[in-house]
Amino acid sequence: MTQTSIAEAIQSAHREIMRDDDRVILLGEDVEAGGVFRITNGLRDEFGPQRVFDTPLSEAGFTGAAIGAAIGGMRPIVEIQFVDFILPALNQLISEAAKMRYRSLGAWTVPLVVRTPYGGGVHGGLYHSQSMEALFAHVPGLKVVMPATPADAKALLHSAVQDPDPVIFLEHKRSYRLIREEIPDPLPPVAIGQAALRRDGQDVAIIATGLALHHGLAAAEQLQAENIDCLVLDLRTVLPLDKPAILSAARRTGKVLIVHEDHLTGGIGGEVAAIIAAEAFEHLDAPIQRLAGPDIPAMGYHPALEQAFLPNPDTIAQAARRLAAY
Amino acid sequence: MTQTSIAEAIQSAHREIMRDDDRVILLGEDVEAGGVFRITNGLRDEFGPQRVFDTPLSEAGFTGAAIGAAIGGMRPIVEIQFVDFILPALNQLISEAAKMRYRSLGAWTVPLVVRTPYGGGVHGGLYHSQSMEALFAHVPGLKVVMPATPADAKALLHSAVQDPDPVIFLEHKRSYRLIREEIPDPLPPVAIGQAALRRDGQDVAIIATGLALHHGLAAAEQLQAENIDCLVLDLRTVLPLDKPAILSAARRTGKVLIVHEDHLTGGIGGEVAAIIAAEAFEHLDAPIQRLAGPDIPAMGYHPALEQAFLPNPDTIAQAARRLAAY
Amino acid sequence: MTTTQQPQPSAASTGPTSTEHADETRSSPGLTKEDLIRRWYQMVLARKIGERWFVLNRQGKAPFVITGQGHEATQVGTVAALSAGKDWVVPYYRDLGVALALGMTPDELMLNVFAKADDPNSGGRQMPAHWSHKRLRMVSGSSVVGTQLPIAAGLAWAAKLQGHDAVAVTYLGEGSTNQGEFHEGLNFAAVQRLPLVVVVENNGYAITEIQAKEMAIADVADRAQAYGVRGAVVDGNDLIEVHRAMQIAVQAARRGHGPTLLEAKTYRIVPHSSDDDDRRYRTREELDLWRARDPIDRLRKHLLEARILTSEQADELIAKAAEELRGAEAFAAAAPDPDPASLATHLYADSTTPSTSSIP
Amino acid sequence: MTTTQQPQPSAASTGPTSTEHADETRSSPGLTKEDLIRRWYQMVLARKIGERWFVLNRQGKAPFVITGQGHEATQVGTVAALSAGKDWVVPYYRDLGVALALGMTPDELMLNVFAKADDPNSGGRQMPAHWSHKRLRMVSGSSVVGTQLPIAAGLAWAAKLQGHDAVAVTYLGEGSTNQGEFHEGLNFAAVQRLPLVVVVENNGYAITEIQAKEMAIADVADRAQAYGVRGAVVDGNDLIEVHRAMQIAVQAARRGHGPTLLEAKTYRIVPHSSDDDDRRYRTREELDLWRARDPIDRLRKHLLEARILTSEQADELIAKAAEELRGAEAFAAAAPDPDPASLATHLYADSTTPSTSSIP
Ligand SMILES: Cc1ncc(C[n+]2csc(CCOP(=O)(O)OP(=O)(O)O)c2C)c(N)n1
Ligand SMILES: Cc1ncc(C[n+]2csc(CCOP(=O)(O)OP(=O)(O)O)c2C)c(N)n1
Ligand SMILES: [Mg+2]
Ligand SMILES: [Mg+2]
């Protein structure tokens with residue numbers, strides 16, 4: 001079998017989804033020409049100008065239009081070119097999409113998927129590198145997924161489009177072509193809200209998402225040689241969090257390291273830590289640790305600044321090592 | 001001495017600040033006529049049309065203009081009519097105000113204060129009751145204050161306007177006229193970033209903000225009768241958090257209950273809990289508990305729905321009682 | 001280099017506008033006599049319900065109300081040009097008259113003001129006057145002004161993609177046209193020539209702010225030129241004129257000619273909401289000026305002059321409206337309140353009880 | 001009811017525009033011969049630096065570049081009407097020529113592309129071409145398009161409140177005028193008649209999207225009518241015309257007559273950025289058409305015809321620019337890189353080391 005990248009997996013998910021359901025439409029800036037990451041390449045040719053659709057440069061406008069189209073019976077997929085540019089659309093997403101079903105007692109619903117690349121490592125500087133999952137993970141009414149592997153990216157995009165509620169679908173841009181694997185055919189579905197145990201272990205639990213998950217796995221490899229046995233949990237969905245999976249990882253190891261690329265304060269790691277501190281307290285053998293980007297506005301463009309921001313296998317291994325020794 | 005309400009304290013702070021510093025200007029919707037909560041009553045008359053200024057109904061536009069004016073040497077205070085309506089301005093606040101100093105290496109700075117009422121209990125329904133501090137508490141480059149008492153409201157507004165960086169100043173609208181106290185004259189300054197120990201105690205630490213702080217104090221009173229001795233910590237600033245104060249409350253009691261009105265998941269309670277779970281772990285005698293609004297889009301308008309959302313002295317006392325008994 | 005426009009003087013929008021028409025144009029194609037009577041009755045009923053809401057607020061039976069007295073001709077007249085239940089409607093809080101004219105019953109309206117469990121708009125979750133009705137294709141809005149523009153554009157887009165000839169109509173105040181989402185939504189619809197009508201109920205005020213504080217133009221309809229769509233100004237206190245203009249806009253939309261920005265000049269003769277004291281910012285003389293131009297009186301006068309209705313018949317209709325309202329209020333007052341145990345329903349399609357605390 | 005505008009055909013903005021002027025109008029008050037030579041030299045130098053940036057990117061010495069080749073007349077010509085260091089300037093990523101013409105030195109520009117610690121724009125934090133310079137009153141922008149409009153309005157407001165006669169100028173692309181913040185910012189400035197000039201560099205594309213996908217109007221300047229401000233269209237490849245139009249706008253602003261929306265029709269003859277392949281979306285023929293209208297050649301031709309410059313002098317200036325660039329590149333390449341230990345400086349006025357993890 002061939003190795004499929006995350007970018008290819010998302011591409012082919014689009015094709016399958018749009019073939020299956022002609023209510024699905026795709027819109028965003030430059031999507032007709034393939035988008036800046038070429039994710040939507042070829043879709044305009046296959047599905048035509050009604051279904052693959054370049055929008056004016058106005059995130060609030062076209063996200064809102066997609067919300068309207070979803071209410072009106074379509075199944076829109078919106079591409080936001082970089083998650084950094086989603087802020088103008090936040091009002092539409094938080095005030096409207098997230099609250100529509102609730103406030104109308106289910107009369108109106110918003111089956112919408114907003115896909116957008118996030119994360120650093122591509123020299124994107126302050127405004128093409130940010131992680132913004134925490135903004136969305138605080139919004140009841142939304143679901144927020146962050147696939148880390150090609151198979152998950154594909155399966156979760158299927159689940160997101162089938163979901164009757166709005167889903168924010170975050171794609172780590174550095175991982176698009178970096179992470180590859182064989183994707184089984186047929187592909188087992190992945191439900192939104194389920195974490196995946198990527199590696200079992202009993203000494204330290206590393207809980208991560210996106211590219212940080214792969215760094216966590218690499219760190220676990222390193223530590224194996226030192227006889228430190230790490231469990232690695234891939235959250236996959238950050239709203240709703242998979243509490244049972246988080247708690248069982250914490251209970252199994254008693255030592256937890258939460259890793260994310262987004263900066264520390266107010267990041268999703270705080271919520272994960274709080275859940276564990278409340279509900280797995282008696283199983284803890286060490287302080288709950290978080291490793292995250294530093295509390296600065298975003299990562300710098302210069303490679304030295306960028307690298308200093310990003311968690312990597314070494315920094316994760318070092319943190320896990322300390323925890324193991326606690 | 002007279003009892004001053006929070007609303008009056010904020011009013012009089014405006015007058016003092018604007019008399020002291022003619023770079024201070026005030027803008028927002030309907031502020032000339034006093035605003036919907038009458039906080040800015042009389043300021044137009046005293047300071048004139050150049051300094052107290054009604055804006056078009058466009059939060060991004062006038063918040064952005066205030067950012068520009070701040071860069072250009074003014075000291076703007078922006079009033080957002082309800083925090084629920086700040087979302088259109090989030091792009092300006094997060095992309096511009098918060099990152100301006102950082103990205104320009106200090107060449108350009110944004111001494112801006114954004115004041116806005118938040119919180120429930122006034123039959124405001126889904127869009128006039130929300131708490132949104134968590135959105136801002138995740139943004140390095142901003143400071144976020146939530147005064148709970150008249151004296152703090154006054155002193156912190158002084159500090160906020162003097163601060164060389166952008167400050168989000170959150171006023172619990174139900175507390176405006178509910179909470180009164182004598183304000184000393186002269187008023188000792190309150191630094192941004194400092195929590196206040198409102199009540200010492202050794203059994204359970206209740207950590208709260210805004211109106212929930214007062215409910216926490218009422219709960220502590222109730223529990224005193226049951227010989228449960230509660231410490232009550234008023235965070236006052238949620239970005240940056242006063243880590244030493246939080247940790248010492250946790251260490252002193254070993255049992256922590258964090259209370260906020262904002263809904264639970266992704267709220268600032270998660271960050272507080274995570275800090276404690278990491279840095280006061282060995283002092284903990286019980287799981288860290290959070291009591292917060294439920295994870296729904298916002299509180300309902302009908303009084304029954306509103307009350308079911310809000311934390312109150314009884315629900316806090318009940319949670320603290322359980323924790324004491326742990 | 002071409003100069004496209006000189007700066008315009010600020011609008012003084014509180015006096016009579018220049019767009020009024022003489023009384024000879026007293027008909028609009030598509031409005032029969034029966035229609036005119038029915039629409040006048042709806043205006044009367046909307047007025048009475050709005051007035052009653054304020055009374056209920058003062059009686060402590062409704063913590064908050066917001067209504068549209070004065071806007072009835074605009075609200076009812078625009079709806080009269082729609083196909084109810086087929087066309088999409090996204091109103092704003094001022095639009096009690098839109099909801100009623102579209103088909104929301106007085107019972108439902110009174111359930112709304114009492115925030116009852118069976119209120120079809122929101123079951124007590126939203127403040128009153130946040131309109132929503134599934135069967136009427138009236139889509140729920142938030143309180144955040146301006147967001148309805150892109151959403152209505154999206155509804156128009158869905159209709160077009162599905163090959164329906166439904167149009168989407170959305171309403172907002174003139175102050176709200178300053179929001180970025182107005183700009184983005186209308187531009188989106190313009191580029192795709194979507195079947196959208198944007199009705200601006202220009203009452204000259206955004207709460208306390210007169211139009212001149214909101215914009216440096218006199219006619220909001222001029223904003224159409226920024227998008228390449230039709231703009232039109234109409235006397236919003238004249239139901240027949242409103243209907244005529246709306247019909248042109250709706251037909252253009254239905255025929256694929258794209259959006260219209262329709263500005264109706266009107267006035268609210270009540271405070272912004274029950275929380276507002278309008279004496280802070282406008283004179284009683286100004287109010288009287290506009291009370292003299294009352295849209296309900298105006299249509300009544302026409303109906304009498306054109307012998308469509310007698311004075312006695314008009315009085316009977318007014319009495320009937322009062323009667324309907326009384327019945328609806330009694331019905332709604334007795335209806336069940338929302339159950340706090342339902343706090344979490346309809347959060348997600350598959351929603352269960354939400355976490356309210358970390359305490360097990 | 002009055003119909004203010006019929007729908008307009010979509011713009012076909014990639015061909016020559018109708019706003020070009022014959023060559024007899026070859027002067028602009030306030031531009032001396034020396035000015036013309038100096039501004040032409042700046043255009044040449046901006047062009048060379050932009051070209052060099054692309055080469056450095058291909059050589060792997062700059063991970064990302066974005067430049068403005070083709071826009072030089074618009075960028076340099078507008079700056080020529082400003083008072084550098086007094087007026088506020090808020091450029092966008094395309095504005096290498098604005099930065100240079102305003103006074104940013106080639107050394108500084110090359111520090112920027114190499115993201116060096118001493119780069120005055122951002123010291124390696126932002127991507128290249130995110131302009132900022134304290135002394136030049138050039139205010140830093142994010143990458144998020146459209147946000148500069150309200151900020152520039154605020155700078156103009158500050159100047160007005162302080163009683164200065166400084167104006168604020170901001171730049172953006174035509175695609176970015178669809179952002180809500182364009183609407184809100186310009187409206188804010190219009191209501192207060194602030195000294196603001198908004199320069200739209202209309203190159204017919206927003207990355208891959210032609211103007212017709214962005215808006216249903218041909219001239220962005222028509223958007224001025226939505227705010228009651230002056231709108232003007234100018235041939236953006238003609239420095240003299242650009243300067244003339246800009247001078248009118250700047251003078252109007254300085255005299256208290258409020259904002260102008262100045263649209264310069266131009267074309268970028270390079271890909272959107274080093275990450276873009278423009279062959280996906282436009283033909284080589286179209287590019288050739290616009291290369292034939294090159295703003296640098298055009299001004300050179302005029303300078304020769306008007307005997308302001310000889311062909312030899314022009315060549316000497318070109319050689320001088322190449323020399324300046326070489327020196328600047330050598331200087332910047334050798335400059336120190338940012339120190340990762342400085343990661344947290346300038347977060348707050350009183351900032352200390354940030355938390356990067358909870359590990360003590
Ligand atoms: C984004 C936003 N900002 C502020 C408000 C508060 N607010 C509610 S109505 C209103 C005035 C609206 O004026 P206009 O659009 O003219 O409508 P009108 O009430 O006059 O019908 C304001 C400022 C809001 N609801 N949403
Ligand atoms: C809010 C936002 N959305 C998307 C982008 C990505 N983006 C960068 S430049 C650009 C096109 C801008 O086109 P235009 O305004 O015409 O300027 P030009 O590049 O043509 O000079 C886009 C879509 C962005 N920077 N900001
Ligand atoms: Mg109004
Ligand atoms: Mg462009």
Side-chain angles (χ1 to χ4, degrees), chain B residues 29-36 53-62 81-82 84-85 87-88 91 122-128 257-259 263-265 269-270 273 287-309 311 315 318-319 322-323, chain C residues 62-64 114-117 119 122-128 130 141-147 173-183 206-210 213-216 272-273 275-277 280-281 337-347 351 353-360:
Chain B
E29 292 155 7
D30 306 297
V31 295
E32 294 180 15
V36 293
F53 175 81
D54 275 353
T55 63
L57 179 36
S58 54
E59 282 75 6
F62 67 76
Q81 206 160 73
F82 289 83
D84 314 67
F85 308 144
L87 294 174
N91 189 33
V122 300
H123 314 301
L126 304 186
Y127 297 94
H128 296 77
L257 174 66
I258 304 155
V259 185
H263 62 270
L264 182 76
T265 296
I288 303 168
Q289 298 295 351
R290 290 179 291 162
L291 180 71
D295 282 330
I296 56 174
M299 77 186 73
Y301 163 78
H302 189 284
L305 300 176
E306 187 174 65
Q307 287 314 315
F309 186 102
T315 55
Q318 192 190 339
R322 284 211 206 175
L323 207 44
Chain C
F64 175 84
F114 289 131
K116 294 294 188 170
D119 166 34
S122 192
R125 289 177 173 185
Q126 296 228 67
M127 288 174 143
H130 286 65
S142 70
S143 307
V144 190
V145 303
T147 54
E174 82 294 345
S176 303
T177 68
N178 297 313
Q179 289 287 344
E181 287 167 276
F182 168 84
H183 178 71
I207 312 186
T208 71
E209 296 192 31
I210 57 167
K213 290 184 180 179
E214 293 282 340
M215 62 190 77
H272 173 73
S273 73
D275 285 347
D276 179 39
D277 175 3
R280 305 189 275 169
Y281 56 83
D337 286 321
D339 178 359
S342 72
L343 204 66
T345 60
H346 302 297
L347 173 56
S351 60
T353 320
S355 1
T356 71
S357 91
S358 59
I359 297 149

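Only heavy atoms go into these numbers, but all of them, side chains included; no hydrogens, no water, no symmetry mates. Since the model is a prediction, treat every value here as computed from it, not as a measurement. In what follows, chains are A, B, ... by sequence order, proteins preceding strands, each numbered from 1.
- Between C:Ala115 and B:His302 the shortest heavy-atom distance is O-CD2, 3.2 Å.
- Of the atoms belonging to B:Gln318, not a single heavy atom falls under 4.5 Å from chain C.
- C:Glu214 and B:Pro56 get closest at one heavy-atom pair: OE1-CA, 3.4 Å.
- A distance-only check finds a donor-acceptor pair linking the side chain of B:Tyr301 to the backbone of C:Phe64 [under 3.5 Å].
- Contact of B:Ala60 with chain C is not made at all, since no heavy-atom distance falls under 4.5 Å.
- Considering every non-hydrogen atom in both C:Leu343 and B:Leu305, the closest pair reads CD1-O, 3.8 Å.
- Using a 4.5 Å cut-off between heavy atoms, B:Asp84 touches chain C through its backbone atoms (N, CA, C, O) alone.
- Between B:Leu126 and C:His130, every side-chain heavy-atom pair lies at or beyond the 4.5 Å cut-off.
- Using a 4.5 Å cut-off between heavy atoms, C:Phe114 touches chain B through its backbone atoms (N, CA, C, O) alone.
- Put simply, of C:Ala206, C:Ser142, C:Pro340, the one with the most heavy-atom pairs under 4.5 Å next to chain B is C:Ser142.
- A distance of 12.5 Å separates OH in B:Tyr127 from CE in C:Met127, rounded to the nearest 0.5 Å.
- In this structure, C:Gln179 contributes its side chain and B:Leu57 its backbone to a donor-acceptor pair below 3.5 Å.
- Under the rule for a salt bridge (charged side-chain N to carboxylate O under 4.0 Å, His left out), the partners of C:Lys213 that lie at least two apart in sequence or sit in another chain are B:Glu32, B:Asp54.
- No side-chain donor-acceptor contact under 3.5 Å links C:Asn178 to the backbone of B:Ser58.
- When heavy atoms are compared at a cutoff of 4.5 Å, B:His263 does not approach chain C at all.
- Listed by chain and number, the residues in a ring pair (Phe, Tyr, Trp, His ring centres under 6.0 Å) with B:Phe62 amount to none (sequence neighbours excluded).
- With a threshold of 4.5 angstrom between heavy atoms, C:Asp276 does not approach chain B through any atom at all.
- Looking at B:Glu59, the atoms closer than 4.5 Å to chain C (heavy atoms on both sides) sit in the backbone and in the side chain alike.
- Between the NE2 atom in C:His272 and the CG atom in B:Asp30 there is a gap of 8.0 Å [rounded to 0.5 Å].
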